[in-house]
Protein chains: 2
Amino acid sequence: MPHADAPRPRPGRPPTTSRAQILAAARGLIDRDGWERLTIRKLAAEIGVGATTLYHHVQDKEDLLLLLINEYGEQVSRPRLPDEPRERVIVAAATIHDALAAWPWAAEVLTTDGFIARLGDSPLGLVEAVVAGAVDHGCTPEHAVYVFRSIWYYTVGEILVRSHTARRGQGDAVTRQGAFFGTIDAGKLPHLAALGDRWAVLAPRDTYVDGLRALVDGLLAQGARVRP
Amino acid sequence: MPHADAPRPRPGRPPTTSRAQILAAARGLIDRDGWERLTIRKLAAEIGVGATTLYHHVQDKEDLLLLLINEYGEQVSRPRLPDEPRERVIVAAATIHDALAAWPWAAEVLTTDGFIARLGDSPLGLVEAVVAGAVDHGCTPEHAVYVFRSIWYYTVGEILVRSHTARRGQGDAVTRQGAFFGTIDAGKLPHLAALGDRWAVLAPRDTYVDGLRALVDGLLAQGARVRP
DNA sequence: ACCTGAACACCGTTCAAGT
DNA sequence: ACCTGAACACCGTTCAAGT
């Protein structure tokens with residue numbers, strides 16, 4: 001009777017494709033062509049394998065993307081978090097934001113997916129940091145969850161809006177914007193008409209952290225309690 | 001020589017399909033089957049016409065969706081806005097939110113689309129109201145644009161996250177959540193572990209307006225100026 | 001056990017031809 | 001001027017058969 005720990009030759013055809021290889025190839029394709037152009041068929045072709053082969057290593061396309069996100073989440077470097085609770089919330093949230101800004105398609109997938117229940121321990125570390133910061137500031141755990149959720153909404157919205165408007169327009173966004181605000185009804189929409197083309201200049205500005213500070217200040221003020 | 005205003009018979013085959021008919025059918029299909037299931041082919045079949053016919057009445061699918069959104073935006077009933085500037089911002093933003101919550105796919109399209117430059121005057125009225133409220137509170141026009149953008153990020157994020165998590169899970173979200181927080185590393189993630197299954201209870205709560213108030217308070221505080 | 005091509009059930013869009 | 005079917009260039013996924 002063979003020892004339980006002894007390496008035993010497994011039966012059947014040996015694998016030529018591994019899950020790690022698939023994930024690496026997918027990352028390469030996303031970084032090269034963009035996430036909306038990633039298809040199972042192209043991914044298989046890139047690896048040099050039949051499209052149907054991939055279904056032996058991942059459940060389906062959604063599963064593949066989730067694996068990819070968790071792998072990415074483990075590689076996100078966590079900065080030293082400040083001791084001051086409010087600042088800790090800000091830095092943790094900004095870290096989540098920056099990680100997603102570099103890989104906006106992840107925000108898209110996480111939004112369409114229930115998300116938190118399927119994240120690994122490593123990316124959850126930043127969620128924990130936000131909740132812990134709120135609690136240390138004096139919030140109840142319940143309020144801390146609400147703080148995190150509100151920040152998450154703001155963060156995900158910023159990523160999605162900005163990544164999508166950055167893709168298009170660029171060249172003709174300003175022109176179109178200009179034409180648009182030219183024909184606007186100044187009687188009904190006086191402030192927008194007065195802003196005119198300045199909107200196009202203001203809109204692409206990176207104000208994420210400013211808005212985050214405003215939001216966190218407001219959220220923590222709502223949940224502050226007297227501490228002993 | 002015929003009079004300029006006289007109705008003249010136009011040459012060619014008379015139309016059997018109108019843009020209004022297409023939009024109405026599209027609305028019906030979206031309300032019935034959900035926006036992710038709307039296809040050009042199904043829409044044409046619903047009308048009882050060849051799929052390619054639609055391309056004589058709309059440029060492409062994206063154009064169709066934008067027409068639909070502007071039509072919808074015109075039908076959104078605008079509540080009486082309060083005089084107090086801060087409250088006006090809240091009510092206008094909440095109106096945008098509620099309109100999108102009823103038609104979450106519109107939020108999806110608006111996010112993926114530069115959006116504001118392609119909206120009609122009617123839906124822009126609520127954008128104007130937010131900007132005007134901020135200015136009346138004492139913000140510069142530039143700060144008011146930032147106020148609107150921040151609110152927009154938060155609003156769109158909330159809609160997308162909530163509409164997507166509502167679609168899935170339901171039945172098994174709680175179970176999965178419970179299983180998840182059972183296996184969480186309590187050493188590394190103490191707050192999340194302590195929350196346990198309560199997260200699943202807290203997450204679906206509608207806290208949009210609370211978070212909006214926190215955000216608006218913070219944003220207006222940042223931009224407040226001394227007024228004469 | 002792993003890999004495969006054929007097939008299924010779809011997409012959005014173009015375009016030459018018909019009415 | 002309007003409508004059409006055929007065709008193009010794709011999708012994700014299943015499944016029986018091969019190694």
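Lettering of chains follows the sequences in order, A, B, ..., and the numbering in each one begins at 1.
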Are V216(A) and V147(A) close enough, and set up right, to give a side chain to side chain contact (heavy atoms under 4.5 Å, CB included), and what steps lead you there?
CA-CA 8 Å; V216(A) 170; V147(A) 167; 5.8 Å; no
Once each nucleotide of nucleotides 12-19 of chain D is scored for protein heavy atoms under 4.0 Å, what B/S/- sequence comes out, 5' to 3'?
BBBB--BB
Spacing of H57(A) atom NE2 relative to dA1(C) atom P, expressed in whole Å:
13 Å
Pairwise P distance for dA9(C) and dA9(D), with rounding to whole Å:
23 Å
May I ask you to decide if A99(A)'s main-chain N or O and Y72(A)'s side chain share a donor-acceptor pair within less than 3.5 Å?
yes
Spell out, as yes or no, whether a donor-acceptor pair under 3.5 Å connects the side chain of R41(A) to the backbone of A51(A).
no
Taking a pair to mean Watson-Crick or G-U wobble geometry with both distances below 3.5 Å, dC11(D) pairs with none
Contacts to DNA chain C from residues 15-31 of chain A, heavy-atom cutoff under 4.0 Å, which residues?
P15(A), T16(A), T17(A)
When you compare the side chain of I159(A) with that of Y208(A), does any pair of heavy atoms fall below 4.5 Å?
no
Nucleotide forming a Watson-Crick or wobble pair with dA16(D), both distances under 3.5 Å
dT4(C)
For the side chain of R149(A) and the backbone of T207(B), is there at least one donor-acceptor N/O pair under 3.5 Å apart?
no
E142(B)/R198(A) ion pair, N-O < 4.0 Å:
yes
Which of parallel (below 30°), tilted (30 to 60°) and perpendicular (above 60°) describes W152(A) and F148(A)?
parallel
E46(A) and salt bridge (charged side-chain N to carboxylate O under 4.0 Å, His left out): which single residue from R37(A), R27(A), R32(A) fits?
R32(A)
